[in-house]
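Okay, so here's the structure we're looking at.
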Amino acid sequence: MARDDDRVKSGVALVTGAGRGLGRALARALASRGMRVAAVGRDAQSLAETANGSGRITPIIANVSDFDSLRHAFEEADALGPLTLLINNAALYPRCDIFDETPESFMQTVNVNLGGTFAATRLALDRMAETGFGRILNVATFADLHPLPASAAYSVSKGAARILTRAVVADLADRFPDIVISDWMPGMLATRMGIPDGLAPDQSAKWGVELALWHDPDLSGTSFEQAIEIPPPRGLKGRIKDRLLGRRRPLRRLD
């Protein structure tokens, strides 16, 4: 069931890491739902392939780990209309054994996965705070809870990005309840960062776009995995109390 918010759709969506894989699928899915999309990435040819002649997708070259570059990208997107949606999707996943990792290579990953997410969020908030309205969706992962071998930088940076979501919500909830920020975990995908037999990005993007266009203040701080809401953590006392009182809130779904 579509929950598209007309006010979100009336503005511009900016998608980072839109040159390929999930970012490309998200940009195209948003355009198919009627949004103007600023597709941000580092490679002009890849971004042109994402746009594929669509008049609703505008390729914008930028590196999310370079704040000046990203700031110029947002300024280009301003020409398309008011920013109402940001999807932080850009990420690096360099498989690297800890003995091959260096402080420089580790921080390169952190600068994209965490620094780029913060920088894009900060730039988006400058715009959204003017109207008190907006939607931010951070593409997340469970890598911090279950790190795979040769993934220290990825696991640490993506885990920190999940903390960033909660920290930003803590800062904004009272002042800007209509700027809705949440996490979404797309699952293992058949992309360069994923696995060969993973889920097709186009399928996963349908869920991501459904969540991105759903503007409900109650979603701030929540996490979804693929199409299902992840229940918030509860302590032992809370779980016992819920069971005794028969309280069980059904988890929200995107399909």
Side-chain angles (χ1 to χ4, degrees), residues 15-26 40-43 46 62-70 73 86-124 136-171 181-201 204-205 207-208 211 221-226 228-233:
V15 181
T16 66
R20 56 177 57 86
L22 180 61
R24 173 178 292 175
L26 288 167
V40 175
R42 294 182 295 176
D43 182 75
S46 296
N63 182 342
V64 298
S65 66
D66 180 335
F67 186 72
D68 284 338
S69 170
L70 193 59
L86 166 66
I87 300 184
N88 280 310
N89 168 74
L92 293 179
Y93 188 178
R95 278 75 167 182
C96 188
D97 183 86
I98 196 66
F99 285 105
D100 297 321
E101 193 83 82
T102 66
E104 292 80 10
S105 64
F106 187 92
M107 290 308 301
Q108 182 182 18
T109 302
V110 171
N111 287 340
V112 172
N113 297 357
L114 177 59
T117 297
F118 174 78
T121 298
R122 183 67 180 79
L123 288 162
I136 298 176
L137 185 67
N138 294 326
V139 178
T141 172
F142 275 128
D144 58 319
L145 299 179
H146 306 288
L148 294 173
S151 67
Y154 177 78
S155 300
V156 169
S157 57
K158 292 295 285 186
R162 289 215 294 157
I163 297 172
L164 176 63
T165 297
R166 300 196 300 272
V168 174
V169 170
D171 267 357
I181 307 172
S182 55
D183 286 335
W184 171 60
M185 303 177 192
M188 297 299 289
L189 304 177
T191 63
R192 294 195 313 175
M193 288 176 52
I195 56 177
D197 58 348
L199 186 68
S204 188
W207 297 322
L211 183 56
T222 62
S223 296
F224 279 69
E225 183 177 13
Q226 295 186 347
I228 304 175
E229 182 182 9
I230 300 170

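Panel note: side chain D183, backbone A140; no donor-acceptor pair is recorded below 3.5 Å. Without hydrogens or angle criteria, D100 side chain to C96 main chain gives no donor-acceptor distance under 3.5 Å. For the pair S182 (side chain) and G221 (backbone), a donor-acceptor distance under 3.5 Å is absent.
Atom CD1 of I87 sits about 5.0 Å away from atom CG of L26, to the nearest 0.5 Å. Here F142 contributes atom CZ and L148 contributes atom CG; the two are 13.5 Å apart, rounded to the nearest 0.5 Å. Between the CD atom in E104 and the OG1 atom in T109 there is a gap of 12.0 Å [rounded to 0.5 Å]. Between L92 atom CG and S65 atom OG the span is 8.0 Å, to the nearest 0.5 Å. Of the inter-residue distances, the one linking S155 atom OG with H146 atom NE2 reads 11.0 Å to the nearest 0.5 angstrom. One finds the OG atom of S151 at 4.5 Å from the OH atom of Y93 (value rounded to the nearest 0.5 Å).
Residues satisfying the side-chain contact (heavy atoms from CB on, under 4.5 Å) criterion with I163, sequence neighbours excluded, are R166.
Annotation: side chain of P186 is in contact with side chain of V139 (closest heavy-atom distance under 4.5 Å). The closest side-chain heavy-atom distance from E229 to T222 is below 4.5 Å. Between L86 and T121 the shortest side-chain heavy-atom distance falls below 4.5 Å.
Across N88 and G116, no two heavy atoms sit closer than the pair OD1-O, 4.3 Å. Considering all non-hydrogen atoms of both residues, P201 and A25 come closest at O-CB, 3.7 Å. Across all non-hydrogen atoms, the minimal contact from S46 to R20 is OG-NH2, 3.1 Å. Across every non-hydrogen atom of G19 and R24, the tightest pair is O-NH2, 2.7 Å. Of all heavy-atom pairs spanning A124 and I136, the tightest one is CB-CD1, 4.5 Å. The two atoms that bring A152 and I98 nearest to each other are CB-CD1, 4.0 Å, heavy atoms only.
For the residue pair N138 / T117, no side-chain donor-acceptor distance below 3.5 Å is found, with atom types taken as modelled. Looking at N63 and S69, their side chains never bring a donor and an acceptor atom within 3.5 Å of each other. Side-chain N/O atoms of N113 and S157 include a donor and acceptor closer than 3.5 Å.
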With side-chain contact (heavy atoms from CB on, under 4.5 Å) as the criterion, how do Y154 and R95 come out once you've worked through the C-alpha distance, each side chain's angles and the decisive distance to 0.1 Å? CA-CA 8 Å; Y154 177 78; R95 278 75 167 182; over 6 Å; no
Steps toward side-chain contact (heavy atoms from CB on, under 4.5 Å) verdict (F67, L123): CA-CA 10 Å; F67 186 72; L123 288 162; 4.0 Å; yes
Show, in sequence, the C-alpha distance, side-chain angles and deciding distance for L211 and W207, and conclude whether the side-chain contact (heavy atoms from CB on, under 4.5 Å) test is met. CA-CA 6 Å; L211 183 56; W207 297 322; over 6 Å; no
Assess the residue pair M185 and F224 against the criterion (side-chain contact (heavy atoms from CB on, under 4.5 Å)); give the C-alpha distance rounded to whole Å, side-chain angles, the decisive distance to 0.1 Å, and a yes or no. CA-CA 6 Å; M185 303 177 192; F224 279 69; over 6 Å; no
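By the neighbour-count criterion of 12 heavy atoms within 6.0 Å, atom CD of Q108 is sparsely surrounded, having that number or fewer from other residues, nucleotides or ligands.
R122 forms no cation-pi arrangement with F118, by the criterion of a distance under 6.0 Å to the ring centre and an angle within 45° of the ring axis.
The residues D144 and R162 are annotated as salt-bridged, a charged nitrogen and a carboxylate oxygen being separated by less than 4.0 angstrom.
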